[in-house]
Q: 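Dropping the structure in here first, questions after.
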Amino acid sequence: MSEKTVADSMRRQGLVARKVKRRNGLTRQDKTKAPFPDLLRRDFTATVINTKWVGDITEIPTAAGKLYLATVIDLYSRRLLGAATSRHPDADLACAAIRMAIAVRGGLDAIRGVIFHTDRGSTYTADSFTTLCRNSRIRQSMGRVGSCFDNAAAEAFFSTLEWEVLSRHEFTDPDHAQQVVAEWCFEFYNTHRRHSSAAMMAPVTFETTTALQPEAA
């Protein structure tokens, strides 16, 4: 079926295609801070949990101002470990997401030595964030400036969020956005949404299944 045929059919039915809004980049590099080396080099695969995490920050527009979401995702299962929100896209927000991820994984001993890959934004080179990672034995990794492919797994999550949630809602205020986004993240994405990289299982299901098969992990 051609694009014109589909367009004609939609016009007759009074249907309008849903538009996906372009996400504004939040990366602002602090050139006084040296970036961390890229330890992933676009290899977004992991054979066990807590070896490679990725994260990023995105903005969520509402009628009463913006809400910002910081993520931490385990590449083994694509499980969203940290999903912190704030009205400010700062280092405190990034730290909150990491602390959430550590808690979900059961504490520092469980995640020691994990790689956390992000962009080179000032949020992730801020002293408070780098100190938290260092004290938690988290190895920071960063892609190049202006290359979304260097953090493609984190970007893919935001694309999914945009398509499945943000483009379908008009949020009245940040509290409304936080409620809807948190519900989707923890009650759907982690427990029901299937991923090709997780054997077509939801992240939590994939982790539970492979935990019962140590040799497969």
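What you see is a predicted model; the values in this text were computed from it and never measured.
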Q: Between Phe44 and Trp53, is the gap from one ring center to the other below 6.0 Å?
A: no
Q: Which heavy atom in Pro89 sits nearest to a heavy atom in Thr123, and how many Å separate them?
A: O-OG1, 3.4 Å
Q: Answer yes or no: is there a donor N or O on one side and an acceptor on the other, between the side chain of Asp173 and the main chain of Gly65, under 3.5 Å?
A: no
Q: Should the ring pair Tyr124 and Phe116 be called parallel, tilted or perpendicular, given that the plane angle runs from 0 to 90° and is split at 30 and 60?
A: perpendicular
Q: For a quick test of reading the model, state the closest non-hydrogen atom pair linking Ser197 to Arg78 and the distance between them.
A: OG-CG, 3.3 Å
Q: Before accepting this row, confirm whether a basic side-chain N of the pair Asp127/Lys33 lies closer than 4.0 Å to the acidic partner's carboxylate O.
A: yes
Q: Hey, could you give me the NZ/NE2 distance between Lys66 and His88, rounded to the nearest 0.5 Å?
A: 13.0 Å
Q: Charged N to carboxylate O under 4.0 angstrom, Glu207 versus Arg105?
A: yes
Q: Looking only at non-hydrogen atoms, find the nearest pair between Ser141 and Leu39 and report the distance.
A: OG-N, 2.8 Å
Q: Which heavy atom of Leu132 sits nearest to which heavy atom of Ser136, and what is that distance?
A: O-OG, 2.7 Å
Q: Take Val54 and Thr118 through the test side-chain contact (heavy atoms from CB on, under 4.5 Å) and record every step on the way to the result.
A: CA-CA 6 Å; Val54 296; Thr118 65; over 6 Å; no
Q: Looking at Leu93, is its backbone amide N or carbonyl O close enough to the side chain of Asp90 to form a donor-acceptor pair, meaning the two atoms are under 3.5 Å apart?
A: yes
Q: Out of curiosity, Thr47 OG1 to Leu75 CG, how far, rounded to the nearest 0.5 Å?
A: 11.5 Å
Q: Would you please classify the geometry between the Trp184 ring and the Phe188 ring as parallel, tilted or perpendicular, with 30° and 60° separating the classes?
A: tilted
Q: Check whether Thr205 reaches the backbone of Met201 with its side chain - one donor and one acceptor, N or O, closer than 3.5 Å.
A: no
Q: For Phe158 and Thr71, what are the C-alpha separation, side-chain angles and deciding distance, and is it a side-chain contact (heavy atoms from CB on, under 4.5 Å)?
A: CA-CA 9 Å; Phe158 287 145; Thr71 59; 3.7 Å; yes
Q: List the steps, then state whether side-chain contact (heavy atoms from CB on, under 4.5 Å) holds for Val181 with Ile60.
A: CA-CA 9 Å; Val181 170; Ile60 301 172; 3.8 Å; yes
Q: Under 4.0 Å between a Lys/Arg side-chain N and an Asp/Glu carboxylate O for Asp150 and Arg42?
A: yes
Q: What's the verdict on side-chain contact (heavy atoms from CB on, under 4.5 Å) for Leu166 and Phe171, showing C-alpha distance, side-chain angles and the deciding distance?
A: CA-CA 9 Å; Leu166 306 188; Phe171 298 117; 3.7 Å; yes
Q: Any donor-acceptor pair under 3.5 Å linking the side chain of Ser77 with the backbone of Arg79?
A: yes
Q: Looking at CG of Leu81 and CD1 of Ile102, how far apart are the two atoms once the value is rounded to the nearest 0.5 Å?
A: 10.5 Å
Q: Measure across Phe206 and Ala199 and return the closest heavy-atom pair with its distance rounded to 0.1 Å.
A: CE1-CB, 4.0 Å
Q: Would you say Lys52's side chain and Tyr76's backbone share a donor-acceptor pair under 3.5 angstrom?
A: no
Q: Answer yes or no: does atom CZ of Arg137 have more than 12 heavy-atom neighbours from other residues, nucleotides or ligands under 6.0 Å?
A: no
Q: Rounded at 0.5 Å granularity, tell me how far CD1 in Ile57 sits from CG in Leu69.
A: 8.5 Å
Q: Can you tell me how far apart CD1 (Ile98) and CZ (Phe129) are? Round to the nearest 0.5 Å.
A: 4.5 Å
Q: Could you walk me through whether His195 and Tyr189 pass ring-ring contact (aromatic ring centres under 6.0 Å, His included), step by step?
A: CA-CA 10 Å; His195 295 259; Tyr189 178 87; 4.9 Å; yes
Q: If only atom types and distance count, is the side chain of Ser159 paired as donor or acceptor with the main-chain N or O of Glu155 below 3.5 Å?
A: yes
Q: Considering all heavy atoms of both residues, which atom of Arg193 and which atom of Pro203 are nearest to each other, and what is their separation?
A: O-CD, 3.5 Å
Q: Do Ser167 side-chain atoms and Glu162 backbone N/O form a donor-acceptor pair below 3.5 Å?
A: yes
Q: To the nearest 0.5 Å, how far apart are NE2 in His117 and CZ in Arg139?
A: 13.0 Å
